[in-house]
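The structure appears below as structure tokens.
The chains referred to below are lettered A, B, ... by the order of the sequence lines, with proteins before strands, and numbering in each begins at 1. Quick caveat, the model's predicted, so the values are computed rather than measured. Side chains are part of it too, since the values below use all heavy atoms of this structure and drop only hydrogens, waters and symmetry mates.
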Amino acid sequence: MQPNPEHIRTIANRYAANLALCFPLRRASLQLARAVHANIITFGFHPRAHILNRLIDVYCKSSELAYARHLFDEIPEPDRIARTTMVSGYSASGDIPLARSVFDETPLSVRDTVMYNAMITGLAHAGDGYSAASTFLEMKRGGFRPDNFTFASVLSGLAHVAEEERECVRQFHAAAVKSGACSVTSVTNALVSVYSKFDLLHSARRVFDEISEKDERTWTSMMTGYVKNGFFDSGVELLEGMMDERMKLVAYNALISGYVHGGLFKEALVMVRRMVWSGIELDAFTYPSVLRACATSGLLQVGKEVHAYALRRGEFSFHLDNSLVSLYYKCGKFDEARAVFDKMPERDLVSWNALLSGYVSSGHIGEAKLLFKEMGEKKNMLTWMIMISGLADNGFGEEGLRLFACMRNEGFEPCDYAFSGVIKSCAVLGGYCNGQQFHAQLVKIGFESSLSSANALITMYARCGVVEEARRVFMTMPCKDSVSWNALIAALGQHGHGAEAVDVYEEMLKEGIKPDRITFLTVLTACSHAGLVDQGRRYFDSMESVYCIPPGADHYSRLIDLLCRSGRFSEAESVIKSLPFEPTAQIWEALLSGCRVYGNMELGIVAAEKLFELIPEHDGTYMLLSNMYAATGKWEEAARVRKLMRDRGVKKELACSWIEVETQVHKFLVDDTSHPEAEAVYSYLQELGKEMRRLGYVPDTNFVLHDVESDGHKQDMLITHSEKIAVAFGLMKLPPGRAIRVFKNLRTCGDCHNFFVYLSRVVQRDIVLRDRKRFHHFRNGECSCGNFW
DNA sequence: GTAGGGTTAG
């Protein structure tokens, strides 16, 4: 239905004066703007300039910049106000290039101070203090007089200039005083804030003390100045001297948020309690801080109380509900998180991202994918990143890579964090070439020393089997955090350099970096792979006694693994008996695989029974147990276990290996003939097999678990193991001298291990195999990890 | 038509 031009003219005039007033009006105005717009297109109806300007403003304020621009372009000679509205609209949406272009196209004679202010504000908000300052100088040169608005904006922009140039704040301060702008609170507020940002708290305080009419922003700026610089006591003191209730509320908010930012959650909550006692009620700005404190320190109960409190007060804000969503999923309450999300009267992008990240971090990838799809066009960089990184975390490296490409196609320039997500995908996938390319791109755009990217690079190189590169990245990092150290220790540990991993750990302690629970996981794994049992045991014991980190089930399972690998079963048993909680599946698994290595049937059966109870659907237990029987020639027992597995409907996870050739990943299954070049690969593999048998390789048919009668048949089955196919493919495709890096989703078998030992000598190539558990480096007839277990 | 501060998703 098209409104007729007369009608439009009447309403447009009626609304024009009120357009910017309040939200319902603005919403009505947006509809009106649309209708007028449609009429311009269909009927050639042209409202008067001031109405058109209002409509453009409505579009801008409703974030409909493209429509605003259409209207703007309809005006043959846009006046100063139309241009200012456009500049300010683009500025507010952060689109500086477009704001700039409208601004630059405006002749000097049309510009005025307000228009300069709109431009400077945009630059200041975008964090470009230099351009804000130079535009300020340009306007002075052009003979325009800066006013309060100008000084407030340009000063706030200065907060983003480099530390060395903080002296220019004083110059602008002097200029503001001279022009009389310092008698206005908005300007002095900006001064307090910018002085605080540069740690010039005395100057900030001096300005603060001289402000006769302090408003909310004055108090928050001063308080934030104190707490962001760690002067919590000064903040509390400031608070104690306050009288006005409303001002006290905002000061409390700033103080609480400062505590939360500094990780002082307990102090934050104490402050909330104090606030409530003194009769001040929480507001929309208090909730997110409190809830984040609860979420990060796992205080679900307190969080629920806050939720109830907010419900009683009948408040709604995106920030509140979004914080609730993240509180619940971080505390593992996914249904509650979803319920809050579903009940929201309106949702913004943050709400969607919060729920998405809840799904992703809890492994609900199916739901996450649905949600991601449902989001359609309304995604931002973070949406993509959450999904990419989440896919990688859940083992979907290929999908992560694909999504990263999609993201770029849709015009998102990845930030450093987005790179860390896709690099993680390469790590999962073993995509060395892909990873190298992303590394090169990082260097090109200057992100290579970003903590998140560099940490991801260390892990990626390690997981691709190139420890030296991982080490190099670590060495070149200008600043490192515990994640960086953990990544390097893990890298070394995975590749059997256990002693070195332990050295790095000791060095980390010397550097004063506090180990966290991940550090201990990596150190224990390293000790376990290197057989450093006593040392590992000592590190484990130090967790609680020295670092106050209570070991979790994952730490205990590493300890069991450590003990079992060197055959210390009685010790392992007594650890399990003295656990402060019920042993988890993970712990029994560690015991079972230890028993497998040593053929400890008795204990192995105990562990397997427990696992059958705890996770009857898990195929690994059946395989391990049946393998154990088979290895000792107890074929009947092995068959019984496999029958049990069949009866319970447990499916064996399909073995799959893959290899990257020129950034393309090629996947192979057992007996796989689906690859276009399968035939050639098979005949090449047969040839290799013959060649190696001549050199003494004997297929070890113990590893064939199918019920096959003849030995010849069994050998055929061995040759078609997916990792052998992938390696053969690599030999065919990769240039001579290049290492073959193959990845497998399950553990490799002893026969394949043996096969590759021979192969590495025959073809004179390095072969690196990463299976579910560990890395195997084959070079010239030897394997770095010796025994393949 | 323009300003100053504090909050949510990794």
Side-chain angles (χ1 to χ4, degrees), chain A residues 20 50 53-54 56-57 60-61 79-89 91-92 112-122 124-125 146-157 159 181 184-194 196 211 215-225 227-228 249-258 260-261 283-292 295 317-327 329-330 348-358 360-361 380-390 415 417-418 420-421 452:
Chain A
H50 80 277
N53 290 348
R54 294 286 183 132
I56 292 173
D57 192 31
C60 285
K61 293 207 166 81
D79 62 8
R80 157 189 305 159
I81 293 176
R83 289 167 189 270
T84 307
T85 309
M86 244 7 264
V87 171
S88 133
S91 286
D112 68 352
T113 298
V114 178
M115 195 167 182
Y116 269 101
N117 290 348
M119 190 64 235
I120 292 172
T121 304
H125 274 164
D147 62 6
N148 316 331
F149 289 85
T150 327
F151 278 106
S153 298
V154 79
L155 280 166
S156 80
V184 181
T185 310
S186 62
V187 177
T188 43
N189 285 351
L191 270 169
V192 171
S193 164
V194 70
S196 302
I211 301 176
D215 64 9
E216 289 180 21
R217 288 176 156 92
T218 319
W219 289 101
T220 15
S221 300
M222 195 62 239
M223 184 62 95
T224 312
V227 296
K228 286 258 162 89
L249 168 63
V250 297
Y252 264 117
N253 283 345
L255 183 58
I256 291 165
S257 123
V260 174
H261 264 280
D283 80 348
F285 282 91
T286 330
Y287 296 124
S289 299
V290 189
L291 291 171
R292 193 170 125 190
S317 84
F318 289 121
H319 293 286
L320 167 59
D321 278 357
N322 294 342
S323 303
L324 283 168
V325 170
S326 92
L327 164 80
Y329 87 70
K330 279 186 185 150
D348 66 2
L349 188 50
V350 179
S351 329
W352 289 87
N353 283 346
L355 190 65
L356 184 70
S357 105
V360 146
S361 62
N380 64 0
M381 167 80 73
L382 193 57
T383 319
W384 289 92
M385 261 179 43
I386 293 170
M387 200 61 209
I388 293 169
S389 155
C415 61
Y417 232 102
S420 76
S452 56

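- Of the candidate nucleotides B:dA9, B:dG1, B:dG6, B:dG6 has the atom lying nearest to any side-chain atom of A:Val250.
- Out of B:dG1, B:dG6, B:dA9, the shortest distance to the side chain of A:Val350 is found at B:dA9.
- In this structure, A:Ile81 and A:Asp57 have side chains that are not in contact, with every pair of non-hydrogen atoms separated by 4.5 Å or more.
- Nearest nucleotide to the A:Met385 side chain, out of B:dG1, B:dT8, B:dG10: B:dG10.
- With hydrogens and angles left out, the side chain of A:Asp215 and the base of B:dG4 share a donor-acceptor pair within 3.5 Å.
- For B:dG1, the base has no donor-acceptor partner in the side chain of A:Asn117 [N/O atoms by modelled type, under 3.5 angstrom].
- For A:Tyr329, the side-chain atoms get nearest to B:dG10 when compared with the rest of B:dG6, B:dT2, B:dG10.
- For B:dG5, its base never sits under 3.5 Å from the side chain of A:Ser221 at any donor and acceptor pair.
- Counting distance only, with no hydrogens placed and no angle test, the side-chain atoms of A:Ser186 and the base atoms of B:dA3 include a donor-acceptor pair under 3.5 Å.
- Comparing atom distances between the A:Arg217 side chain and each of B:dG6, B:dG4, B:dA9 picks out B:dG4 as nearest.
- Taking 3.5 Å as the limit, the base of B:dA3 and the side chain of A:Asp147 contain no donor-acceptor pair of atoms between them.
- Side-chain atoms of A:Lys228 lie closest to B:dT7 of the nucleotides B:dG5, B:dT7, B:dA3.
- As rounded to whole Å, 13 Å separates atom C1' of B:dA9 from atom CG of A:Leu324.
- The A:Thr84 side chain lies nearest to B:dG1 when the options are B:dA3, B:dG1, B:dG5.
- Proximity of A:Met385 to A:Cys415: side-chain heavy atoms (C-beta onward) are separated by under 4.5 Å at one or more points.
- A:Thr150 is listed as a side-chain neighbour of A:Thr113, based on a closest heavy-atom distance under 4.5 Å.
- Residues A:Val260 and A:Ser289 form a side-chain contact, since some pair of their non-hydrogen atoms from C-beta on lies under 4.5 Å apart.
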